[in-house]
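Here is the structure we will look at, set down as structure tokens.
Everything quoted here is computed from the prediction, not taken from an experiment. Just follow the structure's listing: the first ligand is 1, and inside any ligand the first atom is 1. Note that these values count all heavy atoms, side chains included, but never hydrogens, waters or copies made by symmetry.
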Amino acid sequence: MNIVIFGAPGSGKGTQSERLIEKYGLHHISTGELLRDHIARQTHLGKVADTYISQGQLIPDELMIDVLEDIFKQNPETVEKGVIFDGFPRTIPQAEALAVMLGKYNTEIHSVIGLEVDEDELVRRMIERGKNSGRSDDNIDTIRKRLDVYHRQTAPLKEYYLGKGTYRAINGNGDLDRISNDIAAELDRHN
Ligand code: ATP
Ligand code: MG
């Protein structure tokens, strides 16, 4: 089973991924965490990524797809076990590249969990997280830019996956346990 956890910045992708990993024994690939790790270690990729992330922009598709391809090559067993993709794909070209990559392992995306959260709640959560996260992008100006980028570049993926019949909408407002239960119910229904 391969899952994409999808939603706006601050929608709870990371939090809900942690719970899914425990419940289903999936491997977690979080491009946001991966890039932040590179920034902390000041690698070449980290330095490049930082210039985009601190401006609330996406890392260019070509670079991001190369990074994913490397992860697949280095850990072929993770793809066999099943992956939860958190923060990837974020654009249509990324989704198309992901389908090709998974196809090479004779597998595909089975469910896209769309965490749907009200905009004022997203802003509230990211401002709150910014008090401790140390993230260069959890401040109000960058949050506004990230939401704008989300609407222009990432939100069209909802239609894309609806067209494939794999998009499962989840109300991502409110209680964490209720959201986890709703996700599990959707996954169990479709697998
Ligand atoms: P959530 O709160 O729902 O977990 P998030 O706001 O923490 O979401 P991350 O996935 O951590 O978002 O990503 C942080 C930043 O890293 C993005 O704003 C973007 O600049 C960069 N990034 C992460 N994944 C990608 C990707 N697939 N393509 C391009 N840029 C990416
Ligand atoms: Mg995250």
(Q) Students should be able to answer this: which protein heavy-atom is nearest to atom 16 (O) of ligand 1, and at what distance? (A) Ile53 CD1, 3.5 Å
Q) At what distance is the nearest protein heavy atom to atom 24 (N) of ligand 1, and which residue and atom is it? A) Thr31 OG1, 2.7 Å
Q: Salt-bridge test for Arg124 and Glu128: reply yes if a basic N is under 4.0 Å from a carboxylate O, no otherwise.
A: no
Q.
Arg144 vs Val123, test: side-chain contact (heavy atoms from CB on, under 4.5 Å). Steps then yes/no.
A. CA-CA 8 Å; Arg144 294 267 172 236; Val123 174; 4.0 Å; yes
Q | Identity and distance of the protein heavy atom lying nearest atom 8 (O) of ligand 1 | A | Lys13 NZ, 2.9 Å
Q: Name all pairs fulfilling the ring-ring contact (aromatic ring centres under 6.0 Å, His included) condition that reach into residues 81-126, sequence neighbours left out, sorted by first residue then second.
A: Phe72-Tyr105
Q.
Test salt bridge (Lys or Arg N to Asp or Glu O under 4.0 Å) on Asp118 and Arg125; report intermediate values, then the result.
A. CA-CA 11 Å; Asp118 299 339; Arg125 287 184 192 175; over 6 Å; no
**Q.** Distance filter under 4.0 Å to Arg36 heavy atoms, resulting ligand 1 atoms
**A.** 11 (O), 14 (C)
Q: Give the residue and atom name of whichever protein heavy atom lies nearest to atom 12 (O) of ligand 1, and the separation in Å to one decimal.
A: Arg90 NH2, 3.1 Å
Q: Among all protein heavy atoms, pick the one closest to atom 4 (O) of ligand 1 and tell me residue, atom and distance.
A: Gly14 N, 3.3 Å
Q.
Taking Asp175 first and then Arg178, would you say they form a salt bridge - that is, a charged N and a carboxylate O separated by under 4.0 Å?
A. no
(Q) Which of the numbered atoms in ligand 1 are under 4.0 angstrom from any heavy atom belonging to Arg129? (A) 2 (O), 6 (O), 7 (O)
Q.
Could you identify the single nearest non-hydrogen protein atom to atom 6 (O) of ligand 1 and state the distance to 0.1 Å?
A. Arg146 NH2, 2.5 Å
Q) Counting from 1, what ligand 1 atoms have a heavy atom of Gln57 closer than 4.0 Å? A) 19 (C), 20 (O)
Q: Let me know which of Ile84, Val4, Asp86 forms a side chain to side chain contact (heavy atoms under 4.5 Å, CB included) with Lys13.
A: Asp86
Q) Where is the nearest protein heavy atom to atom 7 (O) of ligand 1: which residue, which atom, and how far? A) Arg135 NH1, 3.0 Å
Q: Consider every N or O of Gly10 and every N or O of ligand 1, then say whether any pair is closer than 3.5 Å.
A: yes
Q: Under 4.0 Å from a heavy atom of Gln94: give me the atoms of ligand 1 that qualify, with their elements.
A: 26 (C), 27 (N), 28 (N), 29 (C)
Q | Glu69 side chain near Met101 side chain, heavy-atom distance below 4.5 Å | A | yes
**Q.** Nearest-0.5 Å distance that lies between atom OG1 in Thr31 and atom CE in Met64
**A.** 4.5 Å
Q: Can you label the angle between the Phe6 ring and the Tyr167 ring as parallel, tilted or perpendicular, going by 30° and 60°?
A: perpendicular
**Q.** Option whose closest heavy atom lies nearest to atom 26 (C) of ligand 1, chosen from Met64, Glu33, Met126, Gln153
**A.** Met64
Q.
Only heavy atoms of Pro9, strictly under 4.0 Å: list the atoms of ligand 1 that pass.
A. 6 (O), 8 (O)
Q | Subset of ligand 1 atoms that lie under 4.0 Å from at least one heavy atom of Gly12 | A | 3 (O)
(Q) Between Asp138 and Arg146, does any side-chain N to carboxylate O distance fall below 4.0 Å? (A) yes
Q: Output the list of atoms in ligand 1 that are nearer than 4.0 Å to some heavy atom of Ser11, sorted by atom number.
A: 3 (O)
Q | Shortest protein contact, atom 22 (N) of ligand 1 (heavy atom only) | A | Leu35 CD1, 3.7 Å
Q: Compute the shortest N/O to N/O distance between Asp86 and ligand 1 and return yes if it is under 3.5 Å, no if not.
A: no
Q: Under 4.0 Å from a heavy atom of Ala8: give me the atoms of ligand 1 that qualify, with their elements.
A: 3 (O)
Q) Residues in side chain to side chain donor-acceptor pair (under 3.5 Å) with Lys158, at least two apart? A) Glu116
**Q.** Student check: side-chain heavy atoms of Ile183 and Ile179 closer than 4.5 Å
**A.** yes
**Q.** N or O contact, Ile59 vs ligand 1, cut-off under 3.5 Å
**A.** yes
